[in-house]
Structure formats: structure tokens, C-alpha cells
Amino acid sequence: MNPKHILMFCGIGILQCFNAPMFHLSTASAADQVITVNAKKPGAVIQPTMYGIFFEDINYAADGGLYGELLINRSFEFPNPYTGWDISGKVSLQDDGPFERNPHYVRLAPSGHRDKHTMIENHGFFGIGVKGGEEYRLSLWARVPDGGSSKLWIDLVDNATMDEDQKLGNAGVEISGKEWKKYSVVIKPRRTFAKAHLRVWGDSKVTTDVEHISLFPVNTYKGHENGMRADVAKALEDLHPGVFRFPGGCIVEGTDLATRYQWKNTVGPVENRPLNENRWHYTFTQRYFPNYFQSYGLGFFEYFQLSEEIGAEPLPVLNVGMACQFQNGDDAHAACTKEGLQQFIDDCIDLIDFANGDPATNKWAKLRAEMGHPAPFNLKFLGIGNEQWEKPYFDRLAIIAPEVRKAHPEIKIIGTSGPNAEDDHFFNGWKAMRELKADLVDEHYYRDIQWYKKSMNRYSDRKFYTKDGPRVFAGEWACHDRGKKYNHAGASIYEAAFMTNIERNADLVHMATYAPLFSHVEGWQWRPDLIWYDNLSTARTASYYVQQLYSLNPGTNVLPTTISIAGGQPAANPVPEGEDGLFASAVIDQKKGEIIVKVINTLGNALSAQINITGLSKKQLAALPATAEVTSLNCADYDAENQPGRPEVISPVTTSVPLTAGSILATIPAKTFALYKVKL
Ligand code: AHR
């Protein structure tokens with residue numbers, strides 16, 4: 001019987017029930033429940049990839065988010081070439097620029113009148129966020145088509161100010177000669193402003209051509225010029241992710257094949273990467289973002305580099321020769337013919353060479369070296385196909401996967417079981433992935449609390465998830481609930497509880513990545529999300545802290561863990577289907593010499609639990625410290641959510657608890673994730 005049963009049996013209010021003598025069964029323990037962790041025989045190895053991150057350019061995750069570029073439509077390649085720009089004076093669009101895949105640029109000619117100014121003004125992504133006193137690098141390509149020299153003025157402005165002068169900071173750039181050259185200048189705004197614009201003024205006497213106008217903070221993550229926004233990337237680094245999946249999600253597939261994500265368009269000089277539409281600009285008419293495109297400035301080189309810098313294994317997912325089946329059904333026009341699959345096979349093999357090959361012998365590896373990374377990126381995993389299903393997918397994977405294996409047997413191939421976690425597509429997908437000998441299968445479940453309550457045993461079902469065969473990659477998942485907020489603390493507690501099941505079954509589950517990862521408060525299409533930001537600040541959600549507690553404390557091996565209720569009767573771990581209760585899992589970190597016990601109370605009332613660590617030698621017991629560390633994330637305020645620019649309302653708190661002969665008498669407050677760490 002677990003406390004929920006007792007509540008049901010009492011049929012009275014929680015407080016009354018907990019005062020009822022029946023709850024305090026005659027017991028050897030002073031606690032409601034006893035958690036026993038057996039440290040004698042460490043079990044399954046926890047893969048270093050276990051707790052990771054899933055990146056997709058949804059919710060302005062790349063341009064306008066993680067990617068440090070502050071200007072929208074920097075190359076005038078949007079379908080409307082002036083999207084994001086206001087123009088005045090004598091501005092004309094030209095199309096014979098220096099970058100063949102982005103041929104447009106603007107010609108700024110003298111207006112012909114002293115008081116008319118030729119000017120272009122960029123709005124950024126929901127404005128340009130700048131911080132007072134920090135440095136911003138403006139760069140552009142320019143020439144003076146008639147020869148000689150000209151001067152451009154660059155102003156960062158606050159259009160809404162009551163000040164006499166709208167300028168927050170400015171700089172001048174001397175342009176010379178008929179040849180295209182890159183110019184750059186640093187601007188230091190005098191105050192912080194989330195909604196700045198950037199103006200480029202033409203010379204009043206000389207015509208100047210301008211292309212690829214770009215503005216980055218000088219202080220990007222790790223200081224790369226084509227770098228990531230520092231606070232956003234730091235939020236990833238602080239997760240210590242084991243694996244980094246990119247670039248999606250549905251954008252891998254595209255609404256049609258022409259608009260699928262094509263990694264080869266995302267590498268090489270940033271000025272020459274062609275624009276692609278972003279399917280999330282039009283997918284939901286109630287959240288429509290017509291200015292949402294992919295500049296590919298954040299491309300596959302940058303993804304690999306970021307993976308390396310945050311310490312995660314890179315996990316690219318490539319297209320299997322099919323556009324999105326949600327948007328097209330099994331329409332044959334949305335898929336490549338089987339005969340035409342060679343380019344998709346090449347994309348896979350060339351990508352592995354781009355990541356790992358020898359620059360002396362391989363052209364893609366040579367490109368990687370030219371981009372600044374001669375050493376390999378050490379790619380080990382490749383996903384082929386996002387949420388695809390049934391025969392059209394299985395047939396194509398059956399052609400692509402063997403070719404990839406032949407060329408690169410060292411790479412683990414990840415297939416998909418489709419968008420759902422329990423329907424026919426899912427079961428057929430698993431069957432096919434077994435037959436095709438996929439190394440891992442990508443499962444997705446964006447589900448509500450009721451589903452999570454019923455699924456706390458998902459990976460203990462070893463009739464379906466057999467000992468051999470593909471391992472599980474829980475590639476997109478999150479607990480959704482009512483109210484549709486940025487994120488729900490009240491739902492996050494079920495994510496924490498569900499993850500005990502992932503952890504206990506580490507022999508089967510090798511990777512798990514919450515999704516989606518990012519969201520701009522003014523540009524979201526999908527929520528909840530793990531990390532939110534506005535133009536100046538970042539918020540880490542309750543779900544983020546759940547992930548972080550796991551990813552910072554993964555351990556090296558699972559320890560068998562049982563829960564019994566006071567009095568010694570065994571209780572299920574986890575509790576029976578569909579119920580709230582106490583959930584636990586434990587690991588040992590053999591390198592650090594510590595045991596970590598994760599305990600989650602999803603009930604609306606506190607529980608006491610005696611945590612007994614058994615199986616320690618006498619010597620180990622004698623050497624234990626007098627206290628254990630406990631870190632608690634309390635999710636009792638159901639609607640609590642951290643928002644950018646506001647003080648955090650929910651975050652983990654670390655204290656210590658007495659540890660006596662390997663036992664901890666713990667009180668776990670309502671809706672709390674408590675993580676106990678015992679140093680050996
Ligand atoms: O994460 C949002 C979307 O959910 C992903 O693009 C897709 O894979 C899933 O349907």
C-alpha cells in the first residue's frame with residue numbers, strides 16, 4: 001500500500017488522513033517509507049551520453065536566439081529583400097554581388113538633396129538587445145563602384161527615446177576602391193536597451209555598395225566571431241550535456257524536400273550560405289511568423305564546435321529522402337524516389353568525412369580544416385530520419401543505412417519509431433528498426449501528466465524492450481499540462497519521476513533529450529520549452545533544473561533500489577500505474593566515489609523516507625561522513641515559472657542531512673525532487 005492508497009482508503013482530507021493512526025503502521029522505521037539502495041553490486045553502466053540536449057530551430061532558437069547575429073536579413077536575400085529593413089533616400093537592390101549564393105546587395109546613392117538622407121535601418125529580431133558599455137562588432141562588405149572613397153555612418157539607435165539624440169552609440173567606416181572588401185568597426189552603446197535598431201547612412205556625395213551587414217556582440221560564447229550568444233550558450237554548458245542532437249526535429253524533413261535542412265549549405269564562408277525558409281514560420285496560423293528564416297549562419301561546423309566546447313557528443317540527424325509526413329501524408333511527391341536516394345547517401349557519408357576525415361585526403365575534411373578545425377570532431381552517432389513512419393521510411397532507410405555502414409562501420413545509426421510512443425507506427429517502427437539493426441531507436445512523447453503517471457514503468461517492460469537489439473534514444477519528450485505556460489513546475493516533477501525509470505533502465509536507455517530546448521518570449525510556436533530568453537536575458541525553467549540535477553549527477557553505474565512501506569511490506573518502485581507517490585533510483589559514481597540517490601515525491605503532502613544504503617563493507621561504513629548533501633527542487637507551486645528578466649522563483653537548494661551508519665532519515669516535501677549525495 002502506498003500513501004495514495006491510504007488516502008483513498010481514508011476517503012477524507014489529506015491532513016486528517018495523515019493524522020489518522022492507520023498511517024503510522026507498527027514499524028521498525030520512524031519513516032513512512034524505506035528506500036533500500038544496494039551498493040554491493042553496481043549494475044548497468046550509465047552511458048556518458050545519457051542526459052543530453054535536443055536543438056531545433058523552432059521558437060527562434062537559432063537566428064534571434066543561440067546564434068549571436070543581431071541583424072535580420074543581413075544579406076537582403078529574404079523573398080522580400082527589405083524584410084527587417086526600413087529604407088529612405090536613394091536605395092536600390094542589386095543582384096550581382098560577390099557571393100554567388102547570396103547575390104543581392106544594396107546600392108546607397110546620394111539622394112541629390114542636402115536634406116534627404118540615404119539610409120537603411122535594421123530592426124533586428126524583435127529589436128536589437130544591447131548592453132551599455134559592452135562592445136558590438138559591426139561588419140559589412142562594401143565597395144565604391146565608381147572608385148575613390150566614401151564614408152558610411154553606423155548608428156545604434158533607440159527610436160522611442162525622449163532624448164534629443166536617438167543614438168546609443170555610433171561609428172564611421174571609410175570605404176575605398178572598386179573591389180569588395182570586408183570592413184568592421186566596434187560600437188559601444190552608452191546604455192542598455194532591448195529594442196535598438198541599427199542605421200547605416202550613405203555618403204552624401206558618393207555612391208556606396210553594401211552587402212552582408214552583420215552585428216555581433218564581441219563577447220560571444222568562447223569569443224568566436226561567428227559565435228553564439230554567451231548567456232544562452234552558457235545555459236547549455238551548465239547542463240553538462242552528454243549528447244547534443246541537431247538540427248531538429250521537423251526542419252530536418254522540410255515541408256517539401258526543397259526546403260529540408262541541407263547541411264552542405266550550412267558550411268563554408270558564412271556570407272555564401274544560402275537562405276532557407278523555416279517551416280515554423282507558417283506551421284501554426286495562430287502563431288504566425290512570416291519573418292522566420294534560416295540564415296544557416298549557425299551551421300554544421302558551428303554545431304560540431306559547440307558540441308565540443310560544451311563537452312557533448314555530437315548527434316546530427318539527416319534527411320532520409322522524405323519531407324514531413326505530417327504535412328504530406330505518404331504523398332509520393334514529398335519523397336525522393338528510391339533511385340534518387342544517392343544524394344541522401346552521399347550527404348550521410350560526406351558528413352561523417354566532414355566531421356572525422358583526414359584533411360589531406362578528403363575534400364569535406366579539408367573544408368573543416370579551412371574553417372578552423374583540422375582535428376576531427378570525433379563523430380560517433382548519426383540519426384537518419386526524424387519522425388518518419390511505415391513503409392516509405394523503412395524502404396528508404398533499408399537502402400541508405402547499409403551504404404553508410406559499408407563506408408563507416410564505426411558510426412552508430414539511429415532510426416526513428418515515429419511521432420508517437422504507443423501507436424501502430426511506433427510498434428511497426430520498432431519492428432523495422434530491429435530488422436534493419438539500427439543501433440538506437442529515437443522515441444518521442446510530448447504528453448500530459450496522466451500519460452506520464454501511467455508510463456512510469458515504460459522501460460521496465462522487458463517483453464517489448466528486449467535484452468538485445470537497438471537501445472533507446474528518448475529523443476524528444478516533455479510533460480505538458482494545462483495552462484500552457486512557459487513551463488510548469490507542476491509538470492516538471494513528473495519529468496523528474498519519469499527519469500528514475502530512465503535511470504534504473506540504463507542498460508536499455510542510452511540517451512534522453514528533453515524538447516524543445518529554446519524559446520524567444522516574443523517568437524515562440526511551441527511550449528513548454530527548457531530555456532527561455534528575451535533580447536537581453538535568459539531564464540532556466542523548472543524542467544531545466546530537473547535535467548541539470550540528472551546531468552550533473554549521472555553516476556557511472558545503476559544501483560538496485562527498492563521501496564517498501566513502513567512495516568516492511570514491499571512497495572512498487574515506481575508506484576502502480578496512474579498514481580502519485582514516491583519514486584526513487586540510485587547510482588554509484590565509481591570515479592568520484594559517491595552514491596547518489598534521487599527521490600521524487602509527486603504527492604501533495606510531505607513524506608518521510610528512511611534511505612538505507614546497504615552492501616557497504618565495514619571499512620566503508622566506518623569511513624562515511626556524518627552528513628550527506630541534499631539538493632531539493634520544490635515544485636509545489638504548480639504554476640511557478642522562471643521568466644527572462646525577472647528574479648528566479650524556482651531553483652534547487654542544497655543543504656545537508658545527518659548520515660548515520662549508511663542511513664538517512666529524510667523528509668521529502670510535497671512535489672519535491674530531492675537528490676542525496678553520499679561521499680564514500
Ligand atoms: O519539437 C517540436 C517538434 O516536435 C519537432 O520538430 C518534431 O520532431 C516533433 O513533432
Side-chain angles (χ1 to χ4, degrees), residues 52-63 65-66 236 241 243-257 259-262 276-284 286-289 292-294 298 303 315-320 322-329 334 382-390 393 397 414-423 425-426 429 440-448 451 472-480 484 486-487 491 495 511-520 523-532 541 543-544 547:
I53 48 179
F54 157 88
F55 180 92
E56 173 168 26
D57 192 1
I58 183 172
N59 306 322
Y60 286 79
D63 297 86
L66 175 63
L236 299 185
V243 70
F244 179 25
R245 171 182 163 193
F246 54 85
C250 290
I251 66 161
V252 169
E253 305 156 39
T255 299
D256 42 43
L257 276 179
T259 55
R260 73 187 188 277
Y261 193 98
Q262 298 196 51
N276 194 15
E277 68 176 40
N278 187 316
R279 61 161 276 158
W280 297 108
H281 94 219
Y282 47 65
T283 299
F284 304 122
Q286 77 281 13
R287 301 283 309 169
Y288 198 70
F289 293 90
Y292 194 5
F293 284 79
Q294 302 178 75
L298 167 49
Y303 285 127
L315 196 179
V317 181
L318 295 189
N319 190 296
V320 72
M322 298 173 70
C324 177
Q325 284 168 283
F326 273 123
Q327 291 177 320
N328 301 285
L382 179 65
I384 308 179
N386 182 50
E387 294 183 339
Q388 321 288 170
W389 56 76
E390 302 297 343
Y393 172 54
L397 189 64
I414 303 177
T416 165
S417 54
N420 293 310
E422 61 282 288
D423 65 354
H425 291 333
F426 173 83
L440 292 111
V441 177
D442 180 12
E443 298 191 345
H444 295 182
Y445 32 89
Y446 297 102
R447 292 289 187 274
D448 63 11
W451 185 92
V472 170
F473 168 30
E476 290 184 39
W477 69 277
C479 182
H480 288 195
K484 287 287 186 184
Y486 293 101
N487 187 276
E495 291 163 359
M511 302 174 179
T513 57
Y514 178 101
L517 182 59
F518 286 133
S519 199
H520 193 294
W524 60 269
Q525 296 85 44
W526 184 295
R527 58 184 176 170
D529 304 291
L530 203 65
I531 298 165
W532 286 77
T541 62
S543 292
Y544 175 97
Q547 293 297 318

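Whatever order the structure lists ligands and atoms in, that order sets their numbers, starting from 1. No experiment lies behind these values; they were computed from the predicted model shown.
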Legend entry - Contact (N/O only, under 3.5 Å) between G249 and ligand 1: no
Inset, instruction - Report yes if the side chains of N276 and I251 come closer than 4.5 Å at any heavy-atom pair, otherwise no. - result: no
Legend entry - E387 neighbourhood, listing ligand 1 atoms whose heavy-atom distance to it stays under 4.0 Å: 7 (C), 8 (O), 9 (C), 10 (O)
Inset, instruction - Provide the closest heavy-atom pair for F289 versus Q525 in the form atom of the first, atom of the second, distance. - result: CD1-NE2, 3.3 Å
Inset, instruction - Examine the proximity of ligand 1 to P516 and report which part, side chain or backbone, both or neither, has a heavy atom under 4.0 Å away. - result: side chain
Inset, instruction - Taking the side chain as every heavy atom from C-beta outward, state whether Y292 and D63 have any pair of such atoms under 4.5 Å apart. - result: no
Inset, instruction - Verify salt bridge (charged side-chain N to carboxylate O under 4.0 Å, His left out) between R447 and E422, making sure each step is shown before the conclusion. - result: CA-CA 11 Å; R447 292 289 187 274; E422 61 282 288; 2.8 Å; yes
Inset, instruction - Identify, by atom number and element, the atoms of ligand 1 in contact range of N386, meaning under 4.0 Å from any of its heavy atoms. - result: 7 (C), 8 (O)
Inset, instruction - Please determine if E476 and R245 form a salt bridge, counting it only when a charged side-chain N lies under 4.0 Å from a carboxylate O. - result: yes
Legend entry - Closest approach of any protein heavy atom to atom 3 (C) of ligand 1, naming residue and atom: E476 OE1, 3.7 Å
Inset, instruction - Report the member of W526, Y446, W280, F326 with the shortest heavy-atom distance to atom 1 (O) of ligand 1. - result: Y446
Inset, instruction - Give a yes or no on whether the ring-centroid distance for Y446 and W477 is below 6.0 angstrom. - result: no
Inset, instruction - Just jot down the ligand 1 atoms closer than 4.0 angstrom to any heavy atom of E56, in number order. - result: 1 (O), 2 (C), 3 (C), 5 (C), 6 (O)
Legend entry - Part of I251 within contact of ligand 1 (heavy atoms, under 4.0 Å): neither
